[in-house]
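For ligands, and for the atoms within them, numbers begin at 1 and follow the listed sequence.
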Amino acid sequence: DLNSRDHLTVVNNHGVDDLLQSRLTAKDLVMSVLKKRAAEVDVDRCEPGEEDAFYVADLGEVYRQHMRWKMNLGRVKPFYAVKCNPDPEVLRLMAQLGNGFDCASKSEIDLALQTGIDPSRIIYAQPCKTKSYLRYAQKVGVKQMTFDNADELYKIKATFPDAELYLRILTDDSTSLCRLSMKFGASMDVASQLLELAHHLELKVVGVSFHVGSGAEDPRAFLKAVQDARVVFDQAAEIGHELHTLDVGGGFCQETFEQFSGYLSDALETYFPPSVRIIAEPGRYYVASAFTLAANIIARRDVPDPLDPSRDAYMLYLNDGVYGNFSNIIFDHQHPVAKVLLSSADDSQPGTPSSAALENISYSIWGPTCDGIDVITERIDLPGLLNTGDWLYFEDMGAYTKCSATRFNGFSDNHEVIYISSETGASALLNY
Ligand code: PLP
């Protein structure tokens with residue numbers, strides 16, 4: 001019950017301390033901070049970029065997701081997938097929560113190590129690694145890593161023969177948003193040959209890993225993957241490897257978590273005794289809902305409504321788009337939903353208590369670059385006539401957004417993040 005929480009902390013100097021005196025829900029708190037920050041900007045006078053899009057990150061939400069994980073998957077230790085959102089405060093919280101890190105490159109390894117964790121809390125979960133990064137992993141003591149092919153085994157033998165290896169196996173990811181198995185994963189036909197080769201090369205295989213695909217829809221994918229992993233564990237034992245860990249990858253999300261974790265827990269209980277350590281690589285699950293993005297309307301164009309040319313519709317141009325934080329539209333197949341944050345229409349109708357009373361108008365919403373692909377929403381009805389300088393906000397913008405933004409057309413790829421925490425547990429861990 002969020003309403004019962006009376007200690008909310010805002011971590012920034014935007015002067016919102018007064019908001020904390022009242023008992024706010026987490027969502028109220030995020031909205032208050034968004035509004036306060038947006039209202040500080042005067043687009044008629046501000047310096048270039050002061051009206052840039054910005055995030056409010058509620059680390060209390062990350063904390064709640066962690067508690068939910070613990071309740072449902074207590075046996076499975078999360079290694080947060082850094083690629084999903086390498087925000088330094090998120091990483092710091094992950095470290096404080098006792099989580100490990102799934103890293104895919106040298107700089108992700110560096111980011112994880114900068115939190116002060118021991119290198120044994122990192123898995124280099126990229127089956128096709130850069131040689132110089134492998135040497136770097138050896139230098140900094142990151143031993144755990146995945147592989148899925150013979151060439152990689154020879155590379156590891158030559159570069160880092162003491163590494164602790166996880167054989168990544170193929171999964172059925174046909175129902176997932178982002179399919180990964182077309183690129184990575186050894187099929188069950190070749191698993192035992194790879195284990196034989198690793199044994200022959202005197203390499204140490206310690207586990208099996210898989211990933212059911214990011215944004216997976218079918219929880220049975222976990223059951224099949226766990227069954228396949230069991231087969232590989234048995235093959236490995238016959239060959240002479242001593243496997244001790246199963247890595248069940250990522251693919252969890254907010255909406256279906258209880259259902260997915262139910263399938264996974266049952267499968268683990270059936271196929272893997274408690275002596276086997278279980279880890280996972282969740283990304284999206286932890287951060288998607290923790291970040292809300294606010295963007296400014298920089299331009300507007302009056303056009304006939306394509307569905308009813310007798311009516312006006314409007315094209316709105318924001319200062320963020322698919323080449324920026326809305327990269328999730330292209331790379332992660334998401335459909336962010338615009339909501340009105342601050343609108344001059346609210347003030348322009350005397351006696352109008354809220355935007356709910358305003359007439360709905362149809363909009364299409366575009367990013368700031370010159371490219372026609374840079375569209376956020378083809379059509380949406382929003383209350384009132386929005387204007388240049390007004391603000392929109394978008395929830396659930398924490399996963400695969402900022403990390404894949406570009407600087408195309410000279411726009412920023414590094415927008416301000418205002419950190420808040422709606423949970424005392426998170427505030428205490430982060431020293432906020
Ligand atoms: N682990 C690996 C190897 C991945 O490739 C990914 C995402 O692409 C993840 C973990 C995180 O997946 P998710 O965000 O669906 O949890």
Side-chain angles (χ1 to χ4, degrees), residues 62 65-66 68-69 72-73 76-87 90-91 94 99-105 108-109 111-112 121-130 133 137 142 144-149 152 165-186 207-219 221-222 225 229 245-257 259-261 263-264 278-291 327-328 330-334 396-404:
V62 178
Q65 286 296 88
H66 183 70
R68 193 174 163 195
W69 182 282
N72 289 280
L73 285 177
V76 184
K77 185 174 164 75
F79 279 52
Y80 171 66
V82 175
K83 61 180 78 73
C84 178
N85 185 338
D87 180 281
V90 168
L91 300 187
M94 293 296 168
N99 289 349
F101 294 90
D102 147 17
C103 300
S105 63
E108 287 190 359
I109 290 174
L111 284 173
R121 279 168 64 182
I122 295 177
I123 180 162
Y124 188 177
Q126 158 60 287
C128 298
K129 291 167 281 303
T130 309
Y133 293 3
V142 173
Q144 299 176 91
M145 59 188 65
T146 58
F147 76 100
D148 65 2
N149 68 82
E152 193 72 4
L165 306 181
Y166 290 69
L167 173 55
R168 174 153 165 191
I169 56 171
L170 208 63
T171 60
D172 176 7
D173 61 357
S174 52
T175 70
S176 64
L177 273 182
C178 304
R179 300 185 67 178
L180 307 171
S181 284
M182 61 220 328
K183 187 167 178 187
F184 296 120
V208 172
S209 82
F210 59 75
H211 196 302
V212 296
S214 196
E217 257 177 33
D218 185 357
F222 270 115
T245 301
L246 172 64
D247 175 357
V248 299
F252 306 89
C253 61
Q254 280 263 1
E255 297 76 24
T256 55
F257 180 65
Q259 189 198 15
F260 272 60
S261 55
Y263 269 84
L264 177 59
I278 314 285
I279 66 172
E281 301 165 2
R284 178 192 309 282
Y285 165 80
Y286 264 100
V287 288
S289 55
F291 283 63
S327 55
N328 60 343
I330 306 282
F331 297 129
D332 198 29
H333 316 286
Q334 296 295 311
D396 299 323
M397 287 291 285
Y400 306 107
T401 50
K402 194 169 194 252
C403 54
S404 40

Subject >> Minimum-distance protein heavy atom relative to atom 6 (C) of ligand 1 >> reply: His211 NE2, 3.4 Å

**OP:** Mind checking whether Ser214 contacts ligand 1 via backbone (N, CA, C, O), side chain (CB onward), both or neither, at a 4.0 Å heavy-atom cut-off?
**Re:** both

Original post:
Once the angle between the rings of Phe222 and Phe252 is folded into 0 to 90°, is it parallel (under 30°), tilted (30 to 60°) or perpendicular (over 60°)?
Top reply: parallel

Original post:
For the side chain of Ser181 and the backbone of Thr171, is there at least one donor-acceptor N/O pair under 3.5 Å apart?
Top reply: yes

Subject >> Distance (rounded to the nearest 0.5 Å) between Ile122 CD1 and Cys103 SG >> reply: 4.5 Å

Subject >> Proximal atoms of ligand 1 relative to Ala81 (non-hydrogen, under 4.0 Å) >> reply: 9 (C), 10 (C), 11 (C)

Original post:
Any side-chain heavy-atom pair from Pro282 and Tyr80 closer than 4.5 angstrom?
Top reply: no

Original post:
Quick one: does Gly250 get an N or O within less than 3.5 Å of an N or O on ligand 1?
Top reply: no

Subject >> Sidechain-backbone polar pair: Thr245 side chain, Ile278 backbone, donor-acceptor under 3.5 Å >> reply: no

Original post:
Starting from atom 16 (O) of ligand 1, which protein heavy atom do you reach first, and at what distance in Å?
Top reply: Gly283 N, 2.9 Å

**OP:** Just let me know how Arg168 lines up against ligand 1, side chain, backbone, both or neither, with a heavy-atom cut-off below 4.0 Å.
**Re:** side chain

Original post:
Does the gap between the ring centers of Tyr285 and Phe257 come in under 6.0 Å?
Top reply: yes

**OP:** Return yes when Pro282 approaches ligand 1 closer than 4.0 angstrom through a heavy atom, no otherwise.
**Re:** yes

Subject >> Nearest neighbour in protein (non-hydrogen) for atom 4 (C) of ligand 1 >> reply: Lys83 NZ, 3.4 Å

Original post:
Within the structure, does Glu281 bring an N/O atom to less than 3.5 angstrom of an N/O atom in ligand 1?
Top reply: yes

**OP:** Select one of side chain, backbone, both or neither to describe which atoms of Gln126 lie under 4.0 Å from any atom of ligand 1, heavy atoms only.
**Re:** neither

Subject >> Under 3.5 Å: donor-acceptor pair, side chain of Tyr133, backbone of Ala104 >> reply: no

**OP:** Check whether any side-chain N or O of Arg284 sits under 3.5 Å from a backbone N or O of Gly251 as a donor-acceptor pair, and report yes or no.
**Re:** no

Subject >> Proximity to ligand 1 by part of Thr146, non-hydrogen separation under 4.0 Å >> reply: neither

Original post:
Which atoms of ligand 1 have any heavy atom of Ala125 under 4.0 Å away?
Top reply: 3 (C)

**OP:** Identify, by atom number and element, the atoms of ligand 1 in contact range of Asp102, meaning under 4.0 Å from any of its heavy atoms.
**Re:** 1 (N), 2 (C), 10 (C)

Subject >> Rounded distance [0.5 Å steps], OG1 in Thr146 versus CD1 in Ile169 >> reply: 12.5 Å

**OP:** Evaluate the salt bridge (Lys or Arg N to Asp or Glu O under 4.0 Å) criterion for residues Arg168 and Asp247: first the C-alpha distance (whole Å), next the side-chain angles of each, then the deciding distance (0.1 Å), finally the verdict.
**Re:** CA-CA 9 Å; Arg168 174 153 165 191; Asp247 175 357; over 6 Å; no

Subject >> Closest protein heavy atom (residue, atom, distance) for atom 14 (O) of ligand 1 >> reply: Tyr400 OH, 2.5 Å

Subject >> Distance filter under 4.0 Å to Gly251 heavy atoms, resulting ligand 1 atoms >> reply: 12 (O), 13 (P), 15 (O), 16 (O)

Original post:
Can you list the atoms of ligand 1 that are under 4.0 Å from a heavy atom of Arg284?
Top reply: 13 (P), 14 (O), 16 (O)

